[in-house]
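All residue numbers refer to positions in the sequence shown, counting from 1.
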Amino acid sequence: MQPRDLKSEQFSGYPPEARTLVADHLDALRELPLSFVPGLLREVIEYDSKFPVERTAIEKELKTLSGLSPAQRAEWFKSFTEFSLSPQLERFDWINSPAQFTEQLSAYLWSTHQLDAYRVAATSYGARIEAEQAAEALPAPRLGIAVIGQSVTTYDEKLFKNLRPHGTYFNRVKPENGVAQLLEAVSERASKHAIPYGHWYVDGGQEAAHGSTLTCVSYGAMEPLREALLKDMQAEIQQPGMGPEELRTHLARLSPSDLGMKDGDDPVLSRFKLKVLTEGSGTQIFSTSFAQWTTREALRRAQPLTLLVRYAPRQRQKPMNELLSDTRAAGEVDPVGSLMDGDMAAYYHWINQQRLPGYDRSAFVVWFEGHGEALAIGPSLPRGASSSSEVDLSHLLALALG
């Protein structure tokens with residue numbers, strides 16, 4: 001089937017808001033090449049469970065495509081029309097299974113030596129869309145906070161090596177009530193700049209007391225969900241013919257209700273939590289992997305104005321089969337190894353934050369929990385500098401934000 005043959009009733013399996021969105025832009029979709037449309041529908045089909053910033057991006061993209069003249073459309077999609085597709089792909093139900101189609105398309109393009117050219121075409125298209133979608137001004141500078149090294153009593157190695165060239169290192173931070181100070185500060189920001197899913201608190205352990213204005217995702221609170229998923233994975237692995245690709249497809253088809261999430265839960269956040277566990281590597285088992293992946297995905301998808309991440313000790317490495325089969329066993333934790341994980345994760349946190357709009361005004365703070373070491377990055381702070389001034393964490397945030 002080709003996009004030119006699309007009819008509105010073929011999207012009856014889509015969630016209600018996604019169906020409406022497709023109906024409003026069906027004429028534009030009919031004019032696009034088959035090598036492109038399923039990739040767009042992969043995002044549209046999940047429109048109802050996406051964050052506001054993702055919805056806005058999809059709406060703007062479809063509005064842009066609908067506004068193209070025939071000559072503009074021919075120019076934009078000339079490269080996509082030149083890709084050859086197999087008869088199997090053309091017969092595939094790409095309307096209802098766009099994600100599976102794009103996976104098979106990637107494999108086919110690779111096998112026919114077209115993948116590099118497709119990447120060039122996709123990159124060019126992405127640049128055009130980005131140029132058409134001017135970013136809206138943020139109500140306040142974006143703020144990222146990473147708290148690392150929970151339960152580590154002593155550590156003599158140099159911390160924040162990757163971040164030091166970009167900010168100021170502080171060695172006399174007052175650690176008393178540090179986590180509470182940070183949570184109070186981000187809760188205050190959330191109250192002052194109320195944005196749906198705009199202010200996050202991610203915890204790799206048991207979450208501390210926090211304001212109701214924060215979007216909170218924690219490893220501890222998701223234990224029942226993690227346990228249900230690991231049992232499901234273990235059962236699937238035992239099935240004949242079940243390999244990595246088949247397991248991945250199975251996980252992609254899971255819904256929140258399959259793992260015991262209640263209908264009354266926030267559907268957007270529930271879907272996000274499920275994707276963190278089914279798409280991230282080790283997020284079901286290692287708290288540091290969970291916190292790092294959640295941070296990455298929250299920044300990429302929700303683009304929060306505030307994101308505080310607190311890392312907790314993870315269990316020590318074991319053979320994967322043992323970890324999957326012995327899900328409730330209390331493993332030995334590795335605080336120092338988790339500190340090292342968190343130190344590198346904080347660097348990635350800052351990098352991903354810098355990829356978002358407003359990066360030139362953004363601020364970032366990383367603190368060694370319970371200790372006097374921290375590093376702050378902000379427009380008004382010198383780079384590659386050190387300070388022996390005595391500060392508490394509230395003051396440190398103020399310095400970073402300028």
Checklist entry - Which value, rounded to the nearest 0.5 Å, describes the distance between Ser97 atom OG and Phe92 atom CZ? => result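 If I round to the nearest 0.5 Å, the distance is 5.0 Å.
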Next on the checklist: If the test is side-chain contact (heavy atoms from CB on, under 4.5 Å), which one of Thr295, Thr294, Val366 qualifies with Val309?
Outcome noted: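 Of Thr295, Thr294, Val366, side-chain contact (heavy atoms from CB on, under 4.5 Å) with Val309 is met by Thr295 alone.
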Item to check | Option among Leu182, Leu159, Ile148, Leu375 that satisfies the side-chain contact (heavy atoms from CB on, under 4.5 Å) test with Trp367 | outcome: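 Result for side-chain contact (heavy atoms from CB on, under 4.5 Å) with Trp367: Leu182.
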Next on the checklist: Would you say that Glu246 contacts Gln239 through its side chain, given a criterion of any heavy-atom pair below 4.5 Å between the two side chains?
Outcome noted: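 Of all side-chain heavy-atom pairs linking Gln239 with Glu246, none is under 4.5 Å.
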Checklist entry - So do Gln104 and Leu89 actually touch side chain to side chain, heavy atoms under 4.5 Å? => result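 Yes, side chains in contact.
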Would you tabulate the side-chain donor-acceptor contacts of residues 391-402 under 3.5 Å, counting partners in other chains and residues two or more places apart, or write 'none'?
residue : atom : partner : partner atom : Å
Asp392  : OD1  : Ser394  : N            : 3.3
Asp392  : OD1  : His395  : N            : 2.8
Ser394  : OG   : Gln181  : OE1          : 3.1

Next on the checklist: Using the salt bridge (Lys or Arg N to Asp or Glu O under 4.0 Å) criterion, which residues pair with Glu207? Sequence neighbours excluded.
Outcome noted: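 Salt bridge (Lys or Arg N to Asp or Glu O under 4.0 Å) list for Glu207, sorted by chain: empty.
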Would you give me the side-chain donor-acceptor pairs under 3.5 Å for residues 118-127, sequence neighbours excluded?
residue : atom : partner : partner atom : Å
Tyr118  : OH   : Ser35   : O            : 2.6
Thr123  : OG1  : Arg119  : O            : 2.8
Tyr125  : OH   : Glu61   : OE2          : 2.5

Checklist entry - Which pairs, with at least one residue in residues 161-190 and sequence neighbours excluded, count as a salt bridge (Lys or Arg N to Asp or Glu O under 4.0 Å)? => result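 Residue pairs passing salt bridge (Lys or Arg N to Asp or Glu O under 4.0 Å), neighbours aside: Arg172-Glu390.
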Checklist entry - Under 30°, 30 to 60°, or over 60°: which ring-plane class applies to Phe83 and Phe80, parallel, tilted or perpendicular? => result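 The rings of Phe83 and Phe80 stand perpendicular, inter-plane angle above 60°.
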Side-chain donor-acceptor pairs of residues 133-145 under 3.5 Å, sequence neighbours excluded:
residue : atom : partner : partner atom : Å
Arg142  : NH1  : Gln303  : O            : 2.9
Arg142  : NH1  : Pro304  : O            : 2.8
Arg142  : NH2  : Pro357  : O            : 2.8

Return a table of donor-acceptor pairs under 3.5 angstrom between the side chains of residues 6-23 and protein atoms on other chains or two or more places apart.
residue : atom : partner : partner atom : Å
Gln10   : OE1  : Lys7    : N            : 2.6
Ser12   : OG   : Glu9    : O            : 3.4
Tyr14   : OH   : Ile95   : O            : 2.4
Glu17   : OE1  : Arg55   : NH1          : 2.9
Glu17   : OE2  : Arg55   : NH2          : 3.4
Arg19   : NH1  : Tyr14   : O            : 2.6
Thr20   : OG1  : Pro16   : O            : 3.2

